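Notes to accompany the following structure.
All of these numbers come straight from a predicted model, not from anything done at the bench. In what follows, chains are A, B, ... by sequence order, proteins preceding strands, each numbered from 1.
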2 protein chains.
Amino acid sequence: MIGISKYNIKLRDVAKLADVSVGTVSRYINKHPSVSKKNAAKIQNAIEQLGYIPNLMARNLAKGVSNNLLLYILQEKPILESTWLYELPIIQSIYEYIRPTNYSLQLAMDYLEDKLEIGRFINEYVNSKRVDGMIILSTFEIDDATILTLMKSELPFILLGNQTNILAANQILFDNYHAINEVMDYLYQLGHRRIALINGFAHQQHMIQRASAYCDSLKRLGLDTCDEWVKNANHTVDGGCKCMNEILDLKKQPTAVVCGNDDMAIGAMKAIKDRGFSIPGDYSITGFDDSILSRIAEPDLTTVKIPLEALANTAIEKLIESMNHPDMTIPKKVLACTMVVRSSTGRPKPEYEL
Amino acid sequence: MIGISKYNIKLRDVAKLADVSVGTVSRYINKHPSVSKKNAAKIQNAIEQLGYIPNLMARNLAKGVSNNLLLYILQEKPILESTWLYELPIIQSIYEYIRPTNYSLQLAMDYLEDKLEIGRFINEYVNSKRVDGMIILSTFEIDDATILTLMKSELPFILLGNQTNILAANQILFDNYHAINEVMDYLYQLGHRRIALINGFAHQQHMIQRASAYCDSLKRLGLDTCDEWVKNANHTVDGGCKCMNEILDLKKQPTAVVCGNDDMAIGAMKAIKDRGFSIPGDYSITGFDDSILSRIAEPDLTTVKIPLEALANTAIEKLIESMNHPDMTIPKKVLACTMVVRSSTGRPKPEYEL
DNA sequence: CTGTTAGCGCCTTCAA
DNA sequence: TTGAAGGCGCTAACAG
């Protein structure tokens, strides 16, 4: 604000030039039907001549809106590359959707450990009127208190890929459970009867769902459970490698290993290859995410594709809808994943088959 | 704004409760020194009691600022995964820097092809006062007209990883040229005399710089130039694979291949392995980006690390600095990259050595 | 269909 | 150190 080098054109300048009142100009700009053609033309003329662009802050203050949407991302620290790969398509899809609207996209990130900070942040945003709606992207459970703050406020919000039990609505999710069921069925049909699991963080929502699908599938298919075949790694290649090595040290070997994400699957494959075994000859491996890693792996990886774009589009669409209809509730929605079969899975060796 | 279910506390409510004027409350909130201790305590009390949080839009309108920073990303369409991997660390670093400040981060993206849209967008942002500063992230050249609009406006801005010739300042860059020089020197020292290049888009700024470093290095080191050894791919694994296959079909073979990014390097490695050759035994390969791909490749890939965090930090730091000192110019800055030596490079076979 | 005017909630100058 | 009051630029009732 120091140095008023460039005078900013205001509504009243346009009104003066067009020789009408500010009210008429305002109505014209807001597409109010009651502006005569004659005046509309004069105003449009003046606007173009002056290069007038409305001051958003003034407009928003008067209207009581902010025209801002917030994407609030909660993530682990340090942030994993697999998380990036998950987030960016979502960010992009959301922006793509917003672009033709009048909304701006605001981005904020916090670390899951900082529960206090998250609560403070939400509270601040709920009260300072700086956004009209909020999408929360998190793969870990969010504090009930935070959700409650949100619910009590009138701010429309959506949990994206994040589940909460204290709320029946406002969640757009994808179906980890059925995805892993499908993977297990597929392995079973190939002839596998000994299936291990290298999963991710034990407290991460998606991983919890995947683990429970794995366990339920074993029962459903009448397969042996073996505690030593269930591992938790840290979502990285190295972590997957380490876990697979532990499994390879066991006396009783599985014939297939289901992994919680592609990174860990790559690590598992590495461990297997390092010991001179082959994939899928000796071990079948599956991942999750259908990331670029799964495509460049050798052999390329059977995995599960998450409908990230559809998730993002659904979320933002519903959010805007509920902003326009404040009384509307956003029903919970669960989108399906798709299994992508590639070369890392095959029939087990004959001696292992039933 | 429909349904005033929850009354929003305002400055005047605090003033009433604290039994002072709104002016005094405002001064207290803005940390103006001239507020008596007694009143300060009363006000603080009232604020806490009411849970008052200032309305940002009103404050900003009064102050003539927006408290918003814009990160404007221009990218190719469709967006490549290698671009994602490049952008997200930057986004994160920028947000990390902004978090403790009062600024909010706004995000916008456009496709490079839409030149008109980009110009319109910039113009809109420059005039609607919705942001106080802007970082433009693009790997492709930006229209002079767009830059000029920005220069003429009083809006502080920075080009991040993007060079323009019509401006001597406002650019935070990284040194592609020296990085490739270093790679070439390294290969030369290993004994390589026949070095090919699989580069990316011929019109992308970084790739242009890498190509020119490659050519200059050949001269500098007194090596043969061979047109057939210089290829342009589309930044993907498949593209790199295709180009490498073309090279492998040639009569005269290089002993090393420098690639414009890790993806293409992985593709090249794939082509080589598919023909039964070994890496680095028969061919040495280098990439660029130090992405996760380079670490999971087999063998893992010699590559170049771009200081993304430092770039982002420098950019946002300088931007905020120049927002506080409107007369300040942000000098151009070029950060160094680091070569990361791994196992995809080695001495060439004896028969090829000089 | 249009002009007038009172806000939107806060900041900041001016006098006291 | 404080209170009063006039903006910031735009919107939306209201009266005409």
Side-chain angles (χ1 to χ4, degrees), chain A residues 1-2 4 6-44 46-47 50-68 102 124 127-130 132, chain B residues 1-2 4 6-44 46-47 50-68 102 124 127-130 132:
Chain A
M1 283 294 97
I2 302 159
I4 309 174
K6 191 186 166 190
Y7 176 75
N8 284 294
I9 310 297
K10 316 175 179 153
L11 200 59
R12 85 164 78 97
D13 301 315
V14 176
K16 202 176 293 171
L17 182 60
D19 196 32
V20 295
S21 74
V22 291
T24 305
V25 179
S26 174
R27 279 186 286 266
Y28 173 75
I29 289 174
N30 291 289
K31 304 200 199 312
H32 194 90
S34 70
V35 175
S36 71
K37 283 224 166 116
K38 203 187 66 189
N39 277 343
K42 283 204 292 184
I43 293 169
Q44 181 57 35
I47 287 178
L50 297 171
Y52 170 71
I53 293 186
N55 178 313
L56 256 201
M57 283 176 315
R59 156 181 292 185
N60 290 341
L61 175 60
K63 285 196 167 180
V65 301
S66 75
N67 256 300
N68 262 144
N102 282 317
E124 166 91 17
N127 290 301
S128 66
K129 302 283 163 203
R130 72 177 91 187
D132 299 336
Chain B
M1 283 291 96
I2 302 158
I4 309 175
K6 190 185 166 189
Y7 176 76
N8 285 294
I9 310 297
K10 321 183 173 147
L11 201 57
R12 87 163 76 97
D13 300 315
V14 177
K16 202 175 294 171
L17 183 60
D19 195 32
V20 295
S21 73
V22 291
T24 305
V25 179
S26 175
R27 279 186 285 264
Y28 173 76
I29 289 174
N30 291 290
K31 302 198 199 313
H32 195 91
S34 70
V35 175
S36 70
K37 282 225 167 113
K38 202 188 65 189
N39 277 343
K42 283 202 294 184
I43 294 169
Q44 181 56 37
I47 288 178
L50 296 170
Y52 170 70
I53 292 185
N55 178 313
L56 256 201
M57 283 178 314
R59 159 182 287 186
N60 291 340
L61 175 60
K63 284 196 169 182
V65 301
S66 75
N67 256 301
N68 261 144
N102 282 317
E124 166 90 16
N127 289 301
S128 66
K129 302 283 164 205
R130 72 177 91 188
D132 298 335

Within residues 35-44 of chain B, residues whose heavy atoms come under 4.0 Å of DNA chain C: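 Close to the strand, none.
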Close residues, residues 55-62 of chain A, relative to DNA chain C [heavy-atom separation under 4.0 Å]: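 By residue number: A:Leu61, A:Ala62.
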List, one per line, each side-chain donor-acceptor pair under 3.5 Å for residues 35-42 of chain A, sequence neighbours excluded.
unit_1, atom_1, unit_2, atom_2, d
A:Ser36, OG, A:Asn39, N, 3.2
A:Lys42, NZ, A:Ala18, O, 3.4

Expressed in angstrom and rounded to an integer, what is the separation of [X] atom [atom1] from [N] atom [atom2]?
X       : N      : atom1 : atom2 : value
A:Leu11 : C:dG3  : CG    : P     : 12 Å
B:Lys63 : C:dT13 : NZ    : P     : 12 Å
A:Ile53 : D:dC10 : CD1   : C1'   : 15 Å
A:Lys10 : D:dT11 : NZ    : C1'   : 17 Å
B:Asn67 : C:dC10 : CG    : C1'   : 13 Å
B:Lys31 : C:dC10 : NZ    : C1'   : 16 Å
A:Leu50 : D:dG9  : CG    : P     : 15 Å
A:Ile47 : D:dC10 : CD1   : C1'   : 13 Å

N/O-N/O pairs, protein side and nucleotides 13-16 of chain D side, under 3.5 Å:
unit_1, atom_1, unit_2, atom_2, d
D:dA13, N6, A:Arg27, NH1, 3.3

Does [X] place a side-chain N or O at less than 4.0 Å from the phosphate oxygens OP1/OP2 of [N]?
X       : N     : value
A:Arg12 : D:dC8 : yes
A:Tyr52 : D:dG9 : no
B:Thr24 : D:dG3 : yes
B:Ser34 : D:dT1 : no
B:Asn8  : C:dG9 : no

Under 3.5 Å: donor-acceptor pair, side chain of A:Ser128, backbone of A:Glu124: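 Checked: pair present.
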Validation row: A:Asp13, A:Leu17 side chains within 4.5 angstrom (heavy atoms):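 No - every pair of side-chain heavy atoms lies 4.5 Å or more apart.
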Pairwise side-chain contact, A:Ile29 with A:Leu11, heavy-atom cut-off 4.5 Å (strictly under):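 When only atoms from C-beta onward are counted, A:Leu11 and A:Ile29 do touch, with a gap below 4.5 Å.
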Residue mapping more 5' on DNA chain D - nearest nucleotide basis, B:Val22 or B:Pro33: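 Result: B:Pro33.
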Bend angle of the helix from C:dC1-D:dG16 to C:dA16-D:dT1, from helix axes over five pairs at each end, nearest 10°: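 Answer rounded to 10°: the end axes differ by 40°.
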Residue whose closest nucleotide on DNA chain C lies nearer the 5' end, A:Ser21 versus B:Ile9: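 Its nucleotide being nearer the 5' end, the pick is A:Ser21.
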Which pairs would a plain distance check flag for residues 50-60 of chain A, meaning a side-chain donor or acceptor within less than 3.5 Å of a matching protein atom at least two apart in sequence or in another chain?
unit_1, atom_1, unit_2, atom_2, d
A:Asn55, OD1, A:Met57, N, 2.8
A:Asn55, OD1, A:Ala58, N, 3.1
A:Asn60, OD1, A:Asn67, ND2, 3.3
A:Asn60, ND2, A:Leu56, O, 3.2
A:Asn60, ND2, A:Ser66, O, 3.1

